[in-house]
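Have a look at the structure below, then the notes.
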Amino acid sequence: MFWGLVVFMPVGVTYLSAILLLLTLLVAGGGRERFARLRANPLWWPVMAYVAWTLIVLAFRPHYPETPSNLFHGLRIAATVLMAMALTREEAIWALRGFLLIAALNVLLIVLYYAIGFPIWSPLRAVVMEVGNKSISNALLFSVVAATAAVWGIAQIAAHRPLRAVPAFVLVLGLGLVVALPLTSRTSVLALLLVIPVVCVHQWRNHLKMLVSAVVLGAVVLGAGLYQLPQLQQKVETGVQELEEAQAGAVFKGSWVIRYYMYRDTGLMIADRPLTGWGIGGWTDQWHKRGPVLFADSNMPHNDFLWAGAQGGVPALLSLLIIMVAAVWQAWKRPDIAGRYALGATLIALIASSVNSALRDAQIGLALLWVAMIYLRLAQETQDPAPWRDLWPGRRIAPASTPVAAAAG
């Protein structure tokens, strides 16, 4: 629960929670049961392949000043996934309680901050305004909450209880405004615009008319509504202009400009060393030789799969990609609301990893990856028809046998 509670806090606190959980898992006993649970998990072999190839590349490829930090972050990604998968259902529920509780308190904080105004505690500034990568992390977490609310609201519509869905969709729209305006995260807005239609497809994949209606309505409300916000519209238009200028050879400080050069040059790094890459930590060395001097202080290419591929070749890229895609697939295969909750969270993590360093950057990856894997861990309770039951202590709900009944849990 502690890790769930501190995901919006500065990265040092999140590291503390991860270390404390790891130590607790090591000394609490039941290691044989946890290991058996890990071995049976569909993500076990993809994670093992990723770790094994990382260590092989470390042993046989050159080392760099950045090798220790890149090795640490690469293994930290694997450790985060494995720790989440090792939890019991009850432990995962406690982690989820912590996350949803602090998310609700932070939504209240945002409302009060912009309604009445007051001095904000420094560690919480990234919750209410744009403050580097930590605000991107918080925006992505709010997107997960919005996706969760959307899934619940959709379930109420499917159960012919549309009035119950209204508060959920108000929360979705409100959080959409938060990530688009004070936190100004295009990644989070993009994730929401992509994820909500996908969960609609999951809900109504066997009911074509309802599916089309839900997707069209969602696209109109979210797409047209959010894009009419001047701040977001200006950011998108500026990004497109930056991309066009970068393709013409311009080099200047701009979010899409640096991504253009990073993606292009990192792709060339992979093409030059497709099997083993340039070695762990080699991306920075190659970037200094290939990239524009103006962006020389960058230490990651804003795409986790390209980062892995540049340092460990195509096998590293594929192994990391398979981990994230397998997580989404596991959620997709579960046909009920628990599957849709996990589908929203894991898909947001996959999207963020594709357009930002959502795994490599601990400010994002220690929070978003943990939360997404907790959602997935609950969805993997295949023998449990309602793994989200008893989410709040004291509220006892019998296991449901249908997706609609599970929605009540």
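When all heavy atoms of Leu378 and Ala92 are compared, the pair lying nearest together is CD2-CB, 3.8 Å. Here the shortest heavy-atom pairing between Asn303 and Leu306 reads OD1-N, 2.9 Å. Closest heavy-atom contact between Met85 and Leu38: CB-CD2, 3.6 Å. Of all the heavy atoms in Asp265 and Arg290, the pair that sits closest is OD2-O, 3.5 Å. The two residues Leu175 and Ala146 make their nearest non-hydrogen contact at CD1-N, 3.7 Å. The two atoms that bring Met9 and Pro123 nearest to each other are CE-CB, 4.1 Å, heavy atoms only.
Partners of Arg360 according to the salt bridge (charged side-chain N to carboxylate O under 4.0 Å, His left out) rule, which considers only residues two or more places apart in sequence or in another chain, do not exist here. Taking Arg34 as the reference, Glu91 meet the salt bridge (charged side-chain N to carboxylate O under 4.0 Å, His left out) condition, with sequence neighbours excluded. Qualifying salt bridge (charged side-chain N to carboxylate O under 4.0 Å, His left out) partners for Asp285, counting only residues two or more places apart in sequence or in other chains: Lys289. For Arg273, the side-chain contact (heavy atoms from CB on, under 4.5 Å) partners at least two apart in sequence or on another chain are Arg61, Trp278. Residues forming a salt bridge (charged side-chain N to carboxylate O under 4.0 Å, His left out) with Arg264 (at least two apart in sequence, or on another chain): none.
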- Item | Candidate pair Phe118 and Leu109, rule side chain to side chain contact (heavy atoms under 4.5 Å, CB included), full reasoning | CA-CA 10 Å; Phe118 50 84; Leu109 174 67; 3.7 Å; yes

- Do Asp272 and Met269 pass the side chain to side chain contact (heavy atoms under 4.5 Å, CB included) test, and can you show the C-alpha distance, the side-chain angles, and the key distance before you say yes or no? CA-CA 5 Å; Asp272 290 343; Met269 294 179 202; 5.9 Å; no

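Counted within 6.0 Å of CZ on Phe60, heavy atoms from surrounding residues, nucleotides or ligands total 12 or fewer; the atom is thus considered open.
Within the 4.5 Å cutoff, side-chain heavy atoms of Val107 are placed close to those of Phe142. Side-chain contact check for Leu20 versus Leu16: some heavy-atom pair is nearer than 4.5 Å. Side-chain contact check for Trp307 versus Asn70: some heavy-atom pair is nearer than 4.5 Å. By the 4.5 Å heavy-atom criterion applied to side chains, Asn138 and Lys134 are counted as neighbours. Taking the side chain as every heavy atom from C-beta outward, Leu21 and Phe2 never approach each other to under 4.5 Å. Looking only at side-chain heavy atoms (C-beta outward), Ile154 and Trp204 come within less than 4.5 Å of each other. Counting heavy atoms from C-beta on, the side chains of Val81 and Met324 never come closer than 4.5 Å. Side-chain contact between Val170 and Pro167: absent, with no pair of heavy atoms (C-beta onward) separated by less than 4.5 Å.
Taking CG from Leu368 and CG from Asn356, the interatomic distance works out to 10.5 Å, rounded to the nearest 0.5 Å. For the atom pair OG1 of Thr346 and CE of Met373, the computed distance is 6.5 Å after rounding to the nearest 0.5 Å. Here the OG atom belonging to Ser357 is positioned 7.5 Å from the CE atom belonging to Met262, to the nearest 0.5 angstrom. Between the CG atom of Leu71 and the CZ atom of Arg76 there is a distance of 12.0 Å, given to the nearest 0.5 Å. With values rounded to the nearest 0.5 angstrom, Ile323 atom CD1 is found 8.0 Å from Ile77 atom CD1. The OG atom of Ser137 sits 11.0 Å away from atom CG of Leu369, with the distance rounded to the nearest 0.5 Å.
Separation of the Tyr64 and Trp283 ring centroids does not fall under the 6.0 Å cut-off. Taking the six-membered ring for Trp and the full ring otherwise, the centers of Trp287 and Tyr261 sit at least 6.0 Å from each other.
Under the salt bridge (charged side-chain N to carboxylate O under 4.0 Å, His left out) criterion, the residue pairs touching residues 12-33 are Glu33-Arg37, with sequence neighbours excluded.
Using the six-membered ring where Trp is involved, Phe72 and Tyr15 have ring planes that are tilted, between 30° and 60° apart.
Between Ile110 and the choices Leu183, Val127, Leu105, the side-chain contact (heavy atoms from CB on, under 4.5 Å) rule is met once, by Val127. Only one option out of Val371, Leu366, Ile374 pairs with Trp3 in a side-chain contact (heavy atoms from CB on, under 4.5 Å); it is Leu366.
Side-chain N/O atoms of Asn299 and Glu66 include no donor and acceptor closer than 3.5 Å.
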